[in-house]
Protein chains: 2
Amino acid sequence: MGITERREREKEEIRRKILDAARELFMTEGYDKVTMRRVAEAIEYSPTTIYHHFEDKDDLVEALCHEDFAKLLAALDPALLPTDPIERLRMLGLAYARFALANPNQYRFMFLTPREEHPHPEDSPGYQSFGVVRQMVADAKAAGRLRDDDVDAMAQTLWACVHGAVCLVTTFRPEQFPCVPPAADLIERTVDASIRGLLKE
Amino acid sequence: MGITERREREKEEIRRKILDAARELFMTEGYDKVTMRRVAEAIEYSPTTIYHHFEDKDDLVEALCHEDFAKLLAALDPALLPTDPIERLRMLGLAYARFALANPNQYRFMFLTPREEHPHPEDSPGYQSFGVVRQMVADAKAAGRLRDDDVDAMAQTLWACVHGAVCLVTTFRPEQFPCVPPAADLIERTVDASIRGLLKE
DNA sequence: CGCCATAACTTAACGTCGTTAACACACAGA
DNA sequence: TCTGTGTGTTAACGACGTTAAGTTATGGCG
């Protein structure tokens with residue numbers, strides 16, 4: 001009775017094809033250019049077929065996004081970071097920014113698009129990514145290196161700062177807005193300043 | 001020969017009406033809901049009429065945006081701020097955030113939408129707003145309060161941090177993402193930490 | 001085998017959007 | 001009085017997300 005299993009495998013296969021085609025369009029041309037019709041054309045099916053695998057366009061991009069949160073979580077793997085708590089935080093910030101700059105369209109959808117209908121459950125990669133930050137802030141705090149007691153608030157502050165630098169760099173081209181410096185420079189400066197602002201004494 | 005003047009006055013009047021209707025829609029319902037047809041309906045003209053006053057939808061929203069940059073510049077008026085350079089910077093950051101939180105849709109378009117075709121000339125309010133930040137950073141530097149020498153880079157760093165806090169707060173509702181704290185609290189903490197990170201010793 | 005239910009997939013359409021071509025009309029200047 | 005310019009309209013085009021209806025293939029079952 002391997003028939004239904006084969007069916008499921010085939011269904012999964014085309015779901016995979018849809019996701020891959022959508023991601024290709026999404027990465028290279030951005031959200032607006034991911035139209036159901038273009039995705040369908042890319043996989044050589046009719047647009048209606050996509051609706052058998054995803055509820056609507058939002059659901060499709062949401063699925064993409066879910067995969068990307070997993071990638072982000074992997075990119076923040078604590079095992080890859082130094083042991084000194086502060087240096088660790090610094091490298092975490094840079095790794096986060098590296099992910100964002102490498103996947104600007106995804107980042108935009110993940111962190112810059114209001115997604116009221118899709119909250120992050122506690123065991124989701126998105127939630128866990130924040131957990132990594134919080135844990136490292138907690139470690140730095142435990143090592144007596146931070147000035148404040150509110151670990152959550154400090155983690156959010158760091159996140160906000162790096163997020164801001166990433167947003168500026170990915171939104172504006174250097175020549176467009178007043179004197180935006182080389183991307184890497186602004187990000188490094190922002191990570192440094194925000195961490196320093198939380199240090200004890 | 002007041003005829004052409006009356007004509008121009010009338011033309012200006014309807015342009016004004018279009019902008020007002022568009023702003024109303026834009027503020028309350030966001031960019032997507034500002035359709036040429038709905039704006040036209042609001043002012044009781046045909047959609048085509050709008051195209052006699054604005055090149056396309058982008059041009060219309062761009063005009064809205066231009067007005068908002070002027071409002072931002074006004075909201076950052078240095079005369080309203082304290083005299084101590086650091087306290088001044090702090091209040092500037094809070095005033096910036098206040099503007100953003102009061103006009104989230106406009107803020108989104110102003111600072112979160114890539115606008116490749118519309119750079120900011122040096123005398124534009126957008127450019128000048130950054131000038132205000134840079135000037136205050138320069139003053140703090142002149143007062144010997146800052147650790148670094150690169151005024152532009154420090155101004156951009158502060159901007160990035162506040163921008164990031166504003167983006168998080170306007171994008172996510174408190175219950176949606178991990179433990180986002182009360183908006184005002186995160187913003188204040190971010191302003192404080194980023195400035196502290198730039199202080200001398 | 002022959003019938004049929006179900007799932008996969010398509011065609012064709014609806015309503016919305018931004019935008020534009022074609023036309024109508026008022027009216028100042030000759 | 002004619003004419004051109006500016007101001008406005010209607011009606012359409014093509015692209016979009018989405019869906020109703022229909023087609024086809026195929027495994028299950030008498």
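None of these values were measured; they are calculated from a predicted model. By convention in this document, chain letters (A, B, ...) are assigned in the order of the sequence lines, proteins followed by strands, and residues within each chain are numbered from 1.
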Open item on the list: Could you tell me how far apart B/R15 (CZ) and D/dT7 (C1') are, to the nearest whole angstrom?
Closed with: 16 Å

- [ ] Grab the CZ-C1' distance between B/R9 and D/dG6 for me, whole Å please.
- [x] 17 Å

Open item on the list: For a quick check of understanding: with a heavy-atom distance under 4.0 Å over all strands, which category does B/Y45 fall into, base, sugar-phosphate or nothing?
Closed with: sugar-phosphate

Open item on the list: Can you work out whether B/R37 or B/I14 has the more 5'-proximal nearest nucleotide on DNA chain D?
Closed with: B/I14

Open item on the list: For the aromatic rings, using the six-membered ring if either is Trp, is the centroid distance between A/F69 and A/F130 under 6.0 Å?
Closed with: no

- [ ] Answer with base, sugar-phosphate or nothing: what part of the nucleic acid does A/V34 contact at a heavy-atom distance below 4.0 Å?
- [x] sugar-phosphate

Open item on the list: Using OP1 and OP2 only, check whether a side-chain N or O of A/K57 sits under 4.0 Å from D/dT18.
Closed with: no

Open item on the list: I'd like to know if A/T48 reaches the base of C/dT11 with its side chain such that a donor and an acceptor end up less than 3.5 angstrom apart.
Closed with: yes

Task: Ring centers of B/F172, A/H120 separated by less than 6.0 Å - done: no

Open item on the list: Does A/K57 qualify as a cation-pi partner of A/Y51, given the criterion of NZ or CZ under 6.0 Å from the six-membered ring centre and within 45 degrees of its axis?
Closed with: no

Open item on the list: Between P on D/dG6 and CD on B/E10, what's the gap in Å once rounded to a whole number?
Closed with: 15 Å

Open item on the list: If I take atom NZ in residue A/K11 and atom P in nucleotide C/dT6, what distance separates them, rounded to the nearest angstrom?
Closed with: 15 Å

TODO: Specify the separation, in whole Å, of atom NE2 of B/H52 and atom P of D/dT5.
DONE: 15 Å

Open item on the list: Taking NZ in A/K33 as the centre, count heavy atoms belonging to other residues, nucleotides or ligands within less than 6.0 Å. Is the count above 12?
Closed with: no

Open item on the list: Can you measure B/F54 atom CZ to C/dT19 atom C1' for me and round it to whole angstrom units?
Closed with: 16 Å

Task: Phosphate OP1/OP2 of D/dC16 contacted by A/T35 side-chain N/O (<4.0 Å) - done: yes

Open item on the list: From C-beta outward on B/M36, which listed nucleotide comes closest to its side chain: C/dT19, D/dT18, D/dC16?
Closed with: C/dT19

- [ ] Measure from OH on A/Y51 to C1' on C/dA8 and round the result to the nearest Å.
- [x] 17 Å

- [ ] May I ask you to check if A/K17 and A/Y45 form a cation-pi contact, with NZ or CZ under 6.0 angstrom from the six-membered ring centre and within 45° of the axis?
- [x] no

Open item on the list: Among D/dC16, C/dT11, D/dG8, which nucleotide has an atom closest to any side-chain atom of A/S46?
Closed with: C/dT11

Task: First of A/T49 and B/P47 reached from the 5' end of DNA chain C, by closest nucleotide - done: A/T49

TODO: Take the protein atom NZ of A/K33 and the nucleotide atom P of D/dA15, then report the distance between them rounded to whole Å.
DONE: 13 Å

